[in-house]
Number of protein chains: 2
Amino acid sequence: MISLTAAQEPSVYGQGMQSRSPASRTGRPRSATADAAILAATREALVDLGWSKLTLGDVATRAGVAKTTLYRRWAGKNELVVDAVAELFDELELPDRGSLAADIEGVVLQFATILALPEAKSGLMAVVAEATRDDALRERIRASVVDRQKRLVLEGRARAQARGELPPEPDPESASRTVDLIFDMVAGAVVHRTLVSAEPADEEWVRSFTRVLLLGLASR
Amino acid sequence: MISLTAAQEPSVYGQGMQSRSPASRTGRPRSATADAAILAATREALVDLGWSKLTLGDVATRAGVAKTTLYRRWAGKNELVVDAVAELFDELELPDRGSLAADIEGVVLQFATILALPEAKSGLMAVVAEATRDDALRERIRASVVDRQKRLVLEGRARAQARGELPPEPDPESASRTVDLIFDMVAGAVVHRTLVSAEPADEEWVRSFTRVLLLGLASR
DNA sequence: GCATTACGCTACGTCTCGTAGCGAAAGCTC
DNA sequence: GAGCTTTCGCTACGAGACGTAGCGTAATGC
């Protein structure tokens, strides 16, 4: 994550996937410390100010860097916030609790915990809203946030099929659609519960949700 | 917040539920035409510019009113967009198609159709994001958008229980929680599918989703 | 008529934006 | 070390949006 070296040439905006090019360019390298400080400052500003009142100038001051440094690394507010929020999802993992139900409950609870953070709440939804009009931004979100979640669904699904808890799907086409459906149901429900209903997705709720989801998937 | 007229009398910001006070105040009444023009212009601007680049000055120009008129009626961008988007959900209704599955599919499809509109996509999520830091705004969204959807869930549920398609729940407490759960699952899944996955919530998807949901709810 | 309120218009200070230019700092290669 | 390259902090700038104030005028009720 995070660049500091860059994509190809001098290093266009953002990080995306830095190739860690062996031909380390000449010149003064970008400060990795500054990157960390900027992203941390962005999350801090999200908590204090929220999305709409967050300004890049303020973030620069909090991070102790010049405003121009921000503009050299990120194209704008959207990209910066995506990267700042994406780091929150780094620790997301799939625990092996022995049963599909327990595994799902664990993951959903992790997701809910992250989403309960004010910096995730105000930041993530705002960039998703912006992404409706910006394909590059949506792709950035997909790569750094969504895919990481989706991988957990795939792993959990494979594990459950190995256990015999879910029927194996022969048709890869329909299997892919099923994964997409599950993913939208899980992530969507947690997001809606947390942001729109503004109620905590606590253990009790997660248990109820998991039960409905699994019963619906199993009985086919 | 702000106040140029009084607190109660004249009818504070927004329309929310204007009491249509019988004691119609003296003085020149507010133009209802202007209200409609402003909200329509707001939706138009959402389509053309998106949330972040939408300015109140531009909306005023599109609507053919003075900028000051906007500020006299709405506290800011958030409130204005909520009202503009809320009108899109006016036509939401629960069709009686004979079975619970068909009813749900109908409602979900209606919801998905509205959410596919660019003015709904970019506007709704943005205000939801802002509402994480503004209780009054969240309440405004709840009253003008969410509750209208939730009522459909309640109606559909009652109808299904009358048909015997769902077990009646004796405990009102747990019944309420179940409705909340269903609501978060339905609305959340559609929103996530449309905005994050950026795939259309078409008939095929809605059928798959409804089947999983109903199987999960019925087998208890 | 008179009081009251809404409207359109203009003008204003303030803030943020995003960029440009500069000298200094920090790496690498030779 | 010398020399090259890139980044950094800093300052300054025009452009644009914000939200408000003030004015004269229009539309209602008494």
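Note on naming: letters A, B, ... go to the chains in the order of the sequence lines (proteins, then strands), and numbering restarts at 1 for each one. These numbers come from the heavy atoms of this one structure, side chains and all, not from hydrogens, waters or symmetry mates.
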Distance in angstrom units between [X] [atom1] and [N] [atom2], rounded:
X        : N       : atom1 : atom2 : value
Asp58(B) : dA17(D) : CG    : C1'   : 11 Å
Lys77(B) : dC18(D) : NZ    : C1'   : 11 Å
Arg30(B) : dT5(C)  : CZ    : P     : 12 Å
Glu79(A) : dC17(C) : CD    : P     : 14 Å
Lys53(A) : dG19(D) : NZ    : P     : 9 Å
Leu70(B) : dC18(D) : CG    : P     : 10 Å
Ile38(A) : dG9(D)  : CD1   : P     : 8 Å
Asn78(B) : dC18(D) : CG    : C1'   : 14 Å

Closest to the 5' end of DNA chain D, once Arg28(B) and Gly76(B) are matched to their nearest nucleotides, is Gly76(B)
DNA chain D: 5'-proximal contact among Thr55(B) and Pro29(B) (nearest heavy atom) = Thr55(B)
Shortest non-hydrogen contact between [X] and [Y], atoms and distance:
X         : Y         : value
Arg138(A) : Ala131(A) : NH1-O, 3.1 Å
Thr42(B)  : Val81(B)  : CG2-CG2, 4.2 Å
Glu119(B) : Arg43(B)  : CB-O, 3.7 Å
Arg30(A)  : Arg72(A)  : NH2-O, 3.2 Å

Residue Tyr71(B), side-chain atoms from C-beta onward, closest of dT20(D), dT28(D), dT7(D) | dT20(D)
Just say parallel, tilted or perpendicular for the rings of Phe111(A) and Phe89(A), cut-offs at 30° and 60°.
-> tilted
For nucleotides 8-12 of chain C, print each protein N/O atom paired with a nucleotide N/O atom at under 3.5 Å, atom names and distance only.
| from | atom 1 | to | atom 2 | distance (Å) |
| --- | --- | --- | --- | --- |
| dG8(C) | OP2 | Ala66(B) | N | 3.3 |
| dG8(C) | OP2 | Thr69(B) | OG1 | 2.7 |
| dG8(C) | O6 | Arg72(B) | NH2 | 3.1 |
| dC9(C) | N4 | Thr68(B) | OG1 | 2.9 |

Is any side-chain N of the basic residue among Arg142(A) and Asp147(A) closer than 4.0 Å to the acidic one's carboxylate O?
-> yes
Output yes when Lys150(A) and Asp180(A) qualify as a salt bridge under the 4.0 Å nitrogen-oxygen rule, no when they do not.
-> yes
